[in-house]
Novice: 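The structure is given below, and queries will be raised subsequently.
Naming convention: chains lettered A, B, ... in sequence-line order (proteins, then strands); numbering from 1 in each chain. Keep in mind that this is a model prediction, so the values were computed, not measured.
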Amino acid sequence: MSNFTATREKDYSAWYNEIVTKAGMAENSAVRGCMVIKPDGYAIWEKMQRVLDDKFKETGHVNAYFPMFIPKSFFSKEASHVDGFAKECAVVTHYRLKNDPNGKGVIVDETAKLEEELIVRPTSETIIWHTYKGWIQSYRDLPLLINQWANVVRWEMRTRLFLRTTEFLWQEGHTAHATEKEAIEETEKMLDVYADFVRDYMAIPVIKGIKTHNERFAGAVETYCIEALMQDGKALQAGTSHFLGQNFAKAFDVKFTNKEGKLEHVWATSWGVSTRLMGALIMSHSDDNGLVLPPKLAPTQVVIVPIYKNDEELAKISTIANEIVKELKTQGISVKFDNRDTYKPGWKFAEYELKGVPVRIAIGPRDADNGTVELARRDTKEKKSVAREGIATYVNNLLNEIQQSLYDIALERQTRLTSEANTWEEFEQLINEKGGFVAAHWDGTTLTADKIKDLTKATIRCIPLDSAKTQGKCILTGAPSEQKVLFAKAY
RNA sequence: CGGGGUGUAGCGUAGCCCGGUAUCGCGCCACGUUUGGGACGUGGAGGCCGUCAGUUCGAAUCUGGCCACCCCGACCA
């Protein structure tokens with residue numbers, strides 16, 4: 001079976017680390033907190049990028065690229081923005097090295113000090129709004145709908161592969177609008193794009209909501225988010241979409257002349273998802289034997305493993321395998337025929353299980369004679385003999401079935417792990433023993449949210465968009481509350 | 001950044017208390033036999049024991065500094 005040592009039950013985080021490294025997704029690098037995304041991991045990220053990029057284009061956005069360095073002074077222009085990011089910024093102070101006159105190696109050349117330090121972007125609002133000032137004069141220049149794929153750096157205390165790394169890859173959309181209404185619509189639209197993507201491609205259900213005041217993006221008027229639940233009952237913020245109001249337009253003096261000839265500040269949004277989604281993907285579906293990938297994001301959806309004793313048999317099986325490859329490819333299925341003679345079938349089975357390939361086809365001499373193949377699905381480990389005739393259609397249906405099944409299981413888990421608490425005792429017990437989302441009344445104050453966090457480690461993940469307003473009393477203070485919010489322990 | 005733990009071959013480890021340059025498994029290489037769930041045999045290669053300094057005739061082992069990683073806190077996508 002697998003050579004896994006960790007299990008989800010015994011040590012969830014050890015299990016996660018082991019999956020990431022053993023399945024060849026990523027590894028720690030020579031730079032603290034920064035990871036190397038390996039080819040098998042990067043291939044998944046590329047698939048995500050492609051799908052998301054298409055969705056952005058479909059909704060009218062275009063890509064551009066802004067510098068990774070931001071003049072320090074830009075940061076202080078929006079007060080809450082600098083407050084939010086100041087503690088985690090990498091700063092470039094010099095631009096030259098020289099040989100160490102006292103010995104070996106190189107040292108920073110102190111004479112090459114920058115006039116103004118550069119900040120390695122933790123996000124690009126400031127440089128982008130500085131630039132937009134030059135691009136926007138009239139309502140005719142609006143809306144401006146731009147996305148960029150980039151790396152950003154946030155100097156985190158504690159890092160975990162994909163979930164929180166010092167440098168990470170993401171996309172950040174930055175849009176400018178003539179009206180508040182249009183900007184809010186954009187914010188909500190992009191949240192839906194994210195939610196749909198995560199549901200339809202990653203097979204993960206999410207809760208759409210808005211963040212409370214203190215969980216809001218630094219500089220945003222409102223932060224919308226999608227929250228997903230992992231197998232261990234902890235929540236993961238999977239994406240955010242911010243309505244920035246006129247905060248950045250004011251900070252960077254971006255005005256436009258409206259149809260009435262009056263000068264107004266523009267309305268802004270920004271939205272992003274990152275390589276953190278890789279962590280969500282891995283944690284949502286995988287099991288104690290390794291990675292489980294939803295077919296829509298699996299770089300290789302089907303692998304064919306030949307079983308043979310001699311060249312003659314291999315030749316015969318290869319002919320069949322190559323035909324199947326061709327048939328699957330015409331259906332748009334990505335398939336790999338692993339005819340390496342350097343590994344045995346059993347080894348390959350275990351390897352592809354570890355790597356999460358959704359469907360495996362094994363073809364041996366008996367299959368060649370009987371006109372069958374052995375089909376195994378990664379998610380359920382189910383194996384069955386299937387007629388070689390019509391295999392492409394069969395596999396296509398199976399891939400869809402797996403995709404759906406992964407989602408169904410994740411949805412069932414989310415439903416099972418979502419509870420309501422009406423008393424503090426109930427709340428504590430649910431958070432500590434059951435985990436997952438707990439809906440409860442909250443008095444709306446940061447003080448109470450902080451106290452609840454101190455007592456239980458649970459935070460308010462969001463105020464769900466679709467929940468009805470109900471009168472009640474705050475779970476902790478008993479003060480009146482108009483709506484239940486979702487609590488959970490989070491990543 | 002605080003508390004705890006770990007660092008020995010590509011990976012996982014024994015040795016450390018009681019100083020004498022290193023154990024075992026997997027992997028790797030060669031040859032042969034094998035191939036329907038991580039094959040077996042025989043032979044072989046690979047380690048200045050995280051790093052720097054100190055103690056000592058002699059350090060993986062003792063002492064100190066540093067670095068990295070893991071776990072728990074504070075912070076966060």
Novice: Check the phosphate of A39(B) against Lys344(A), side-chain N and O only, distance under 4.0 Å to OP1 or OP2. Yes or no?
Specialist: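 So the side chain of Lys344(A) is within the cut-off, an N or O lying under 4.0 Å from OP1 or OP2 of A39(B).
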Novice: Taking the same atom, C1', in U61(B) and in G50(B), what whole-Å distance lies between them?
Specialist: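 My reading of the C1' atoms in U61(B) and G50(B) gives 15 Å.
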Novice: Sort out the partner of C69(B) for me: Watson-Crick or G-U wobble, both distances under 3.5 Å, none otherwise.
Specialist: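 Across any shown strand, C69(B) pairs with G5(B).
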Novice: Return whichever of Leu163(A) or Arg160(A) has its heavy-atom-nearest nucleotide of RNA chain B closer to the 5' end.
Specialist: Arg160(A)
Novice: Could you measure between the two P atoms, the one in C52(B) and the one in A30(B), and give it in whole Å?
Specialist: 35 Å
Novice: Which residue, Asn17(A) or Lys211(A), contacts RNA chain B at a nucleotide closer to its 5' end, judged by nearest heavy atom?
Specialist: Asn17(A)
Novice: Please report the C-alpha distance between Glu327(A) and Arg388(A) in whole Å, then the side-chain angles of each, then the deciding distance to 0.1 Å, and finally whether the salt bridge (charged side-chain N to carboxylate O under 4.0 Å, His left out) criterion is met.
Specialist: CA-CA 11 Å; Glu327(A) 286 170 34; Arg388(A) 190 236 159 290; 2.9 Å; yes
Novice: Indicate whether OP1 or OP2 belonging to C70(B) is found under 4.0 Å from a side-chain N or O atom of Arg158(A).
Specialist: no
Novice: For A60(B), give its Watson-Crick or G-U wobble partner with both distances under 3.5 Å, or none.
Specialist: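 Result: none.
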Novice: Of all the nucleotides listed (U35(B), C71(B), C75(B)), which has the minimum atom distance to the side chain of Ser13(A)?
Specialist: C71(B)
Novice: Take atom C1' in U51(B) and the same atom in U8(B), then report the distance between them in whole Å.
Specialist: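 Their C1' atoms lie roughly 14 Å apart.
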Novice: Are side-chain N/O atoms of Thr7(A) and Glu9(A) paired as donor and acceptor at under 3.5 Å?
Specialist: no
Novice: Which part of the nucleic acid, if any, lies within reach of Thr240(A) when heavy atoms closer than 4.0 Å are counted: base, sugar-phosphate only, or nothing?
Specialist: nothing
Novice: Work out how far the C1' atom of C66(B) is from that of G7(B), and round it to whole angstrom.
Specialist: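 Approximately 14 Å lies between the C1' atom of C66(B) and that of G7(B).
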Novice: State whether Phe74(A) and Lys77(A) meet the cation-pi test: NZ (Lys) or CZ (Arg) under 6.0 Å from the six-membered ring centroid, and within 45° of the perpendicular axis.
Specialist: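 Yes, a cation-pi geometry.
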Novice: Strictly by modelled atom types, are Asp341(A) and Tyr308(A) linked by a side-chain donor-acceptor pair under 3.5 Å?
Specialist: yes
Novice: Indicate whether OP1 or OP2 belonging to C70(B) is found under 4.0 Å from a side-chain N or O atom of Asn28(A).
Specialist: yes
Novice: Is it the case that G37(B) (base atoms only) and Lys383(A) (side chain only) share a donor and an acceptor within less than 3.5 Å, ignoring hydrogens and angles?
Specialist: yes
Novice: Could you tell me the Watson-Crick or G-U partner of U13(B), where both distances fall under 3.5 Å? Say none if there is no partner.
Specialist: none
Novice: So what's A39(B) paired with, Watson-Crick or G-U wobble, going by both distances under 3.5 Å?
Specialist: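 Base partner found: U33(B).
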Novice: Starting from P on G36(B), measure out to CD on Glu353(A) and report it in whole angstrom.
Specialist: 15 Å
Novice: Any side-chain donor paired with an acceptor under 3.5 Å for Lys55(A) and Tyr201(A)?
Specialist: no
Novice: Using the P atom as the point on both nucleotides, what is the distance between C31(B) and G37(B), in whole Å?
Specialist: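 Pairwise P distance, G37(B) against C31(B), rounds to 27 Å.
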Novice: Once you apply the 3.5 Å cut-off to both distances, tell me the Watson-Crick or G-U wobble partner of C28(B), or none.
Specialist: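 Partner of C28(B): G44(B).
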Novice: Measuring only the P atom in each nucleotide, how far is C62(B) from G19(B)? A whole number of Å is fine.
Specialist: 9 Å
